[in-house]
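All remarks here apply to the structure that follows.
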Number of protein chains: 2
Amino acid sequence: MFDNFHCSHMFSGISPESYSRMMVCFNSSPKKYSAGETICFYEPKKRTVAIVEKGRAVVVKTFYSGSQTILEQLSDGSIFGEVFYFHSNTDGISVIAASECTVRFLDYEHIMTSCHNACEHHSQLIQNLFSIISCKAAELSEHIDVLSHRTTREKLMAYFQIQSSKNNSGKFKLPFSLSALADYISVDRSAMMREIKKIKEEGYIDISQREVTILKDYIQ
Amino acid sequence: MFDNFHCSHMFSGISPESYSRMMVCFNSSPKKYSAGETICFYEPKKRTVAIVEKGRAVVVKTFYSGSQTILEQLSDGSIFGEVFYFHSNTDGISVIAASECTVRFLDYEHIMTSCHNACEHHSQLIQNLFSIISCKAAELSEHIDVLSHRTTREKLMAYFQIQSSKNNSGKFKLPFSLSALADYISVDRSAMMREIKKIKEEGYIDISQREVTILKDYIQ
DNA sequence: ATATTACTGTTGCATAAGCAACAAATTACA
DNA sequence: TGTAATTTGTTGCTTATGCAACAGTAATAT
C-alpha cells in the first residue's frame, strides 16, 4: 500500500513496524467493506482521517436530483476525510467502496496531539499530513491558474504547459478524457473541440485522442 | 497582535507567557524593517514561517517587465512564508515592508518536530498552522467554485451568494473594487459592468459602488 | 487647492463561445 | 462477440464577451 500517492505519502519515512505500533496507539483496527457499500458520509464538523489500506473507493457528491459526480478516486494507500475536503458544505458527500476494501479510521485530534506512547514517528506523520494538504492546495492553485485565463485557447495552452512541465517533455498523455478536460477548464466541450482544431491548424500543438505534443511556444 | 487574522490564528490558545518561552526555544528574535525595505525573497526550497508582529507589509510578485502585483496584504499578526504560497514558481516573489515593522522568523522544521523543551503548547501551534493552511485551501476552493461557472452572470451571482452567506445577510459590502472583482472572476471589466447593469434591471440585485443587496434568488 | 491617479460607467464592433443536435469512433461490459 | 454506453468530432445559429476607447467621478497625493 505504500505507493500510488498523488502527492506525498501519509506514512513515508515510517517503517511498517512503527506503523503497526502506531495503529495500536491510535486504537484503530481495519474495517472491511464490500463493493458498493457506503463507507461513510462526510459530516460538517467531523475530522476523521481515513486510509484505504486495500481496494478501491470513490468520494461522490449526490445532488438532490439524484445525479452523482465523482470527486475523487481512491485506491490502495489513499487517504480521505473532511480535513482534505475544503468546502464548508458537506451535504451529499459520501465515500463508497468500488471494490472490496479495507479502511482504517484515525482520530484527527490524536494525530495532532503528540502522544506519550512509543510513537517515535509521530512528528513524521504530522509532517506528511502537512505535505498532503499543501499538495492539495497546490493543485487547487494550479486549477485557478488555468481557470483565470479569459479565452478557451489560453486555458488550454496554460493547461498543456503545466502538463508538459510536469512530464518534463513537450509530449504527454492527458490524465483524463477530453470531455473531462472541458469540465476542468470550465468551457463548453464543443467549443473546446473547435478551439483545439484551430490550435492544431495553426501548428501550436498536435493532439489525437489523449496524446498531446507541443510544437511551438504559445506566448501570452 | 492577536487579532486581525483572516482565517485562524497562529498563536490562538497559546498564552503570551507560553509564546515568549516558545520564542526562546525557537531561538527567534524579532527583526525590524523600515517602510519600503525588502524583508525577504521567496526561495524554492526554503521553508521559513514568518510572523509580522507589528506593522504592515505586502507580498508582491515582480514581473520581468518590472510591473508588480500585490499577492497578499500583511498586518499585525499575519504570517507568511513559502509554506503558505502554493506555487512551485517563487520567481520574483518578495515581501516588502509597507510601514515600519517587526518580523519574526521561525524554522519550519522546528515547528514540525516536537521539541524536548518546555513548549507545552507546541502541538497547539501545529494545529493552528494546520487550520491556517486548510483555510487558505478553502479560499482557493471557493475561488474555483466561482471561476468554474461559464458565464459572467453565473460567476457574479455565485460570488455574491458566497459573500451573502458569509455575512449572513442579503446586504453586504464588496471587500474590494469592482475592477478587482472583474479580475477575481476573470472577466473583462466592461463586460462585467454591462452584465451587472442587466442583473440590476432584471431585479436580481441592487448595487451601487460597493454596496450589494440580493433581491431575489438566482436559480442555477 | 490643484494635479494626478485610480475607479466607475458606457458604447460599438467583431468574434469567441454557449447551446443543441447529430454521426462516427472508441471503450466498456455482459 | 455483440451491444450499450461513452467519448470524440463536427456544424449552424445566436448571443455573450473581449477589446478599445471615452467621459465622468472618486480618491489620493503634492
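Just so it is clear, the structure is predicted and the values come from calculations on it, not from any experiment. Convention: sequence-line order gives letters A, B, ...; per-chain numbering from 1.
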Can you tell me the distance, in whole Å, between the [atom1] atom of [X] and the [atom2] atom of [N]?
X      : N      : atom1 : atom2 : answer
B:L147 : D:dT17 : CG    : P     : 14 Å
B:Y184 : C:dC7  : OH    : P     : 18 Å
A:I199 : C:dA16 : CD1   : P     : 12 Å
B:H149 : C:dG18 : NE2   : P     : 14 Å
A:L178 : C:dA24 : CG    : P     : 20 Å
B:D188 : D:dT15 : CG    : P     : 21 Å
A:E195 : D:dG18 : CD    : P     : 14 Å
B:M192 : C:dC7  : CE    : C1'   : 11 Å

- Determine whether any donor atom in the side chain of B:R194 lies under 3.5 Å from an acceptor atom in the base of C:dG12, or the reverse, and answer yes or no.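 Flag set: donor-acceptor pair detected.
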- Indicate, yes or no, whether a donor-acceptor pair under 3.5 Å links the base of C:dG9 to the side chain of B:R189.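 Under the 3.5 Å cut-off, the side chain and the base do form a donor-acceptor pair.
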Kindly say whether [Y] contributes a backbone atom to a donor-acceptor pair with the side chain of [X] at under 3.5 angstrom?
X      : Y      : value
A:R104 : A:S28  : yes
A:T38  : A:C40  : no
A:S18  : A:S15  : no
B:Y85  : B:N89  : yes
A:K155 : A:I185 : yes

Does OP1 or OP2 of [N] have a side-chain N or O of [X] closer than 4.0 Å?
X      : N      : result
A:T152 : C:dA17 : yes
A:R153 : C:dA17 : no
A:S179 : D:dT8  : yes

Closest approach to the side chain of [X], judged atom by atom: which nucleotide of [options] is it?
X      : options               : result
B:S190 : D:dT17, C:dT10, D:dT7 : C:dT10
A:K197 : D:dT8, D:dT11, D:dT17 : D:dT11
A:M193 : C:dG9, D:dG9, C:dA17  : D:dG9

- Query: DNA chain D: A:A191 or A:R210, which has the more 5' nearest nucleotide?
  - Reply: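 With A:A191 and A:R210 compared, the 5'-side residue is A:R210.
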- Query: Counting any heavy atom closer than 4.0 Å, what does A:K198 reach on the DNA or RNA strands: base, sugar-phosphate only, or nothing?
  - Reply: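 Touches sugar-phosphate only.
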- Message: Under 4.0 Å, counting only non-hydrogen atoms across every strand here, what does A:K155 touch: a base, just sugar-phosphate, or nothing?
- Response: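 It contacts nothing in the nucleic acid.
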